[in-house]
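The block underneath contains the structure these notes are about, expressed in structure tokens.
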Number of protein chains: 2
Amino acid sequence: MSLEYAVLGFLNYQPFSGYDLKKMFDSSVQHFWVADLSQIYRTLGKLSEKGWASVEVVEQSERPDRKLYRITPQGQAALREWLAGPFPTAAPHSGPLVQVFFSGQMPDAVVQAKFAAAADLFRGMLERYQQVPQQVQPYVHQVDSPRETYFWMKTLELGMLTMQAQLLWAEQVLRDLEQGAVPPLDPPQEGEA
Amino acid sequence: MSLEYAVLGFLNYQPFSGYDLKKMFDSSVQHFWVADLSQIYRTLGKLSEKGWASVEVVEQSERPDRKLYRITPQGQAALREWLAGPFPTAAPHSGPLVQVFFSGQMPDAVVQAKFAAAADLFRGMLERYQQVPQQVQPYVHQVDSPRETYFWMKTLELGMLTMQAQLLWAEQVLRDLEQGAVPPLDPPQEGEA
DNA sequence: GTTTATTATATGCATATGCACGTATATGCA
DNA sequence: TGCATATACGTGCATATGCATATAATAAAC
């Protein structure tokens, strides 16, 4: 449901085609919302069905036609209503933490490899997050509102804070493993002895 | 997909009925995986279809019959394989952050109310997390493995760290709002003037 | 006395998402 | 020549999830 309003939020800045929206998503909110292109197209379809957006076909020679979507007054009203409403709290579902929860069933070597990979992954994510300001730069100029920029940066800040926390947490497990601070597997393995 | 392995992970400790699994989920992994009862039943069905779990109907007088699910050797193999495999990285989708991202379109009063509510929500979550150790206590005794307990507690620790970070972050926005550190809305409103 | 909660299992339906694939044109690279 | 990539729009299918609802018995609360 939030994708609908994310798209609406972007359309409230300026008209977009689905293809351009995908770029906008990838360069601005990738740290908290990864949007599939097909999902964006489906959402745009729903928005125009509801009358929350209007479509204009822009013909291009040498390139496929573009469909420019523009937010309607009804769309703006719906967006405002949603933004003023309660937080869309979703139940958490973390696959990685499921693995961590049951990691005690694996030997140290496997756990070590897993957390080393996780730490690398977190470091990579952090680096990508650090590039977000440059990536949104053109949009910051286009929208040209310090207030918007403040909240955009706030979402990035939270992403970096939590990613940093996850990295530190994984590194702590790695240290515990090195120092023998993780209780050992009771039955060393099964089979040979 | 991870739910399947979460259920399998619990079955690897001891046989469970769907109803009891729901209680296990709610008292141990609620901070990173909230499971719907119907979803648990469906997953158990799939597990026994695959031969990863066997079913035993336990008849009870005065209560509905229970279906006790037991992990099979194939199930144990599948679990081990998954646990040793890569992290199941899922694309992030945060509805709340979508709202924050577009909050600049709302006046200060609305934003203030939203972040105050968010901070309250985060505080409530933190309190619930703090009760998890007591809630898992019986299971800690049953499973009786310091190694398992270590990783169980690690997931809780990460949950508390990130929740704490979110709370601090929301309180910072609230302070910015109070101190006028958030850039103002350009067109005060629309309509009257 | 009636409603609600607890124990216990399940189906049905709407919606969201991911991934594969299909269509079409033009450019650049090997 | 062939293949990948960028532009641009989608459909189809499998799966996951949430919520409502059905069934059925007992016990407690109002």
Side-chain angles (χ1 to χ4, degrees), chain A residues 1-8 15-27 29-30 32-50 53 55-69 82 88-96 98, chain B residues 1-8 11 15-27 29-30 32-50 53-69 82 88-96 98:
Chain A
M1 274 287 78
S2 298
L3 174 59
E4 210 168 287
Y5 293 99
V7 168
L8 217 46
F16 275 100
S17 71
Y19 196 80
D20 288 341
L21 264 176
K22 170 62 174 166
K23 287 186 200 161
M24 178 62 156
F25 269 85
D26 287 348
S27 57
V29 298
Q30 144 244 50
F32 66 85
W33 199 287
V34 173
D36 189 75
L37 233 196
S38 72
Q39 200 59 22
I40 289 176
Y41 285 125
R42 271 191 272 250
T43 302
L44 286 170
K46 266 191 280 182
L47 289 182
S48 63
E49 267 179 48
K50 284 196 204 180
V55 201
E56 183 195 347
V57 177
V58 180
E59 284 174 48
Q60 300 183 121
S61 54
E62 312 193 353
R63 285 280 159 233
D65 294 353
R66 299 173 73 234
K67 284 191 176 180
L68 249 200
Y69 289 84
W82 183 78
T89 51
H93 292 109
S94 168
V98 171
Chain B
M1 274 287 78
S2 299
L3 175 58
E4 211 168 286
Y5 293 98
V7 167
L8 217 46
L11 291 187
F16 275 100
S17 70
Y19 196 81
D20 287 341
L21 265 176
K22 170 62 174 166
K23 287 187 200 161
M24 179 60 155
F25 269 85
D26 288 348
S27 58
V29 298
Q30 144 244 51
F32 66 85
W33 199 287
V34 172
D36 189 75
L37 233 195
S38 73
Q39 200 59 22
I40 289 175
Y41 284 123
R42 271 191 272 248
T43 302
L44 285 170
K46 266 190 279 181
L47 288 182
S48 62
E49 267 179 49
K50 284 197 205 181
S54 63
V55 202
E56 182 196 345
V57 176
V58 180
E59 285 175 46
Q60 300 183 119
S61 55
E62 310 191 356
R63 286 280 159 232
D65 295 352
R66 299 172 75 232
K67 283 191 176 180
L68 248 199
Y69 290 85
W82 184 77
T89 51
H93 292 109
S94 167
V98 172

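Letters go in sequence order (proteins before strands), and every chain restarts at 1. Since this is a predicted model, take the numbers as computed values, not measurements.
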Report the relative orientation of the aromatic rings in A:H93 and B:W33; use parallel for angles under 30°, tilted for 30 to 60°, perpendicular for over 60°. perpendicular

For DNA chain C, which nucleotides open and close the run of contacts to chain A, 5' to 3', at under 4.0 angstrom from a non-hydrogen atom? C:dA16 to C:dA26

Quick one, B:R66 with B:Q60, criterion side-chain contact (heavy atoms from CB on, under 4.5 Å). Give me CA distance, side-chain angles, the key distance, then yes/no. CA-CA 7 Å; B:R66 299 172 75 232; B:Q60 300 183 119; 3.2 Å; yes

Does C:dA20 have a Watson-Crick or wobble mate here (both distances under 3.5 Å), and if so which one? D:dT11

For C:dC29, the Watson-Crick or wobble counterpart (both distances under 3.5 Å): D:dG2

What residues in residues 33-48 of chain A put a non-hydrogen atom under 4.0 Å from any atom of DNA chain D? A:S38, A:Y41, A:R42

Earlier contact from the 5' end, DNA chain C, for B:H93 and B:R66: B:R66

On DNA chain C, more 5' by nearest nucleotide between A:P64 and B:S17 is B:S17

Show your reasoning for whether side-chain contact (heavy atoms from CB on, under 4.5 Å) applies to A:I40 and A:D36. CA-CA 6 Å; A:I40 289 176; A:D36 189 75; over 6 Å; no

Determine, for A:K50 against A:E4, whether the closest basic-nitrogen to carboxylate-oxygen distance falls under 4.0 angstrom. yes

Could you grab the distance from atom CG of A:L8 to atom OH of A:Y69, nearest 0.5 Å is fine? 13.5 Å

Please examine the side chains of A:S2 and A:W82, heavy atoms only from C-beta on, and report whether any two atoms are closer than 4.5 Å. yes

Any side-chain to backbone donor/acceptor pair from B:Q30 onto B:V34? Under 3.5 Å, distance only. no

Tell me the interatomic distance from B:D65, atom CG, to D:dT26, atom P, rounded to whole angstroms. 13 Å

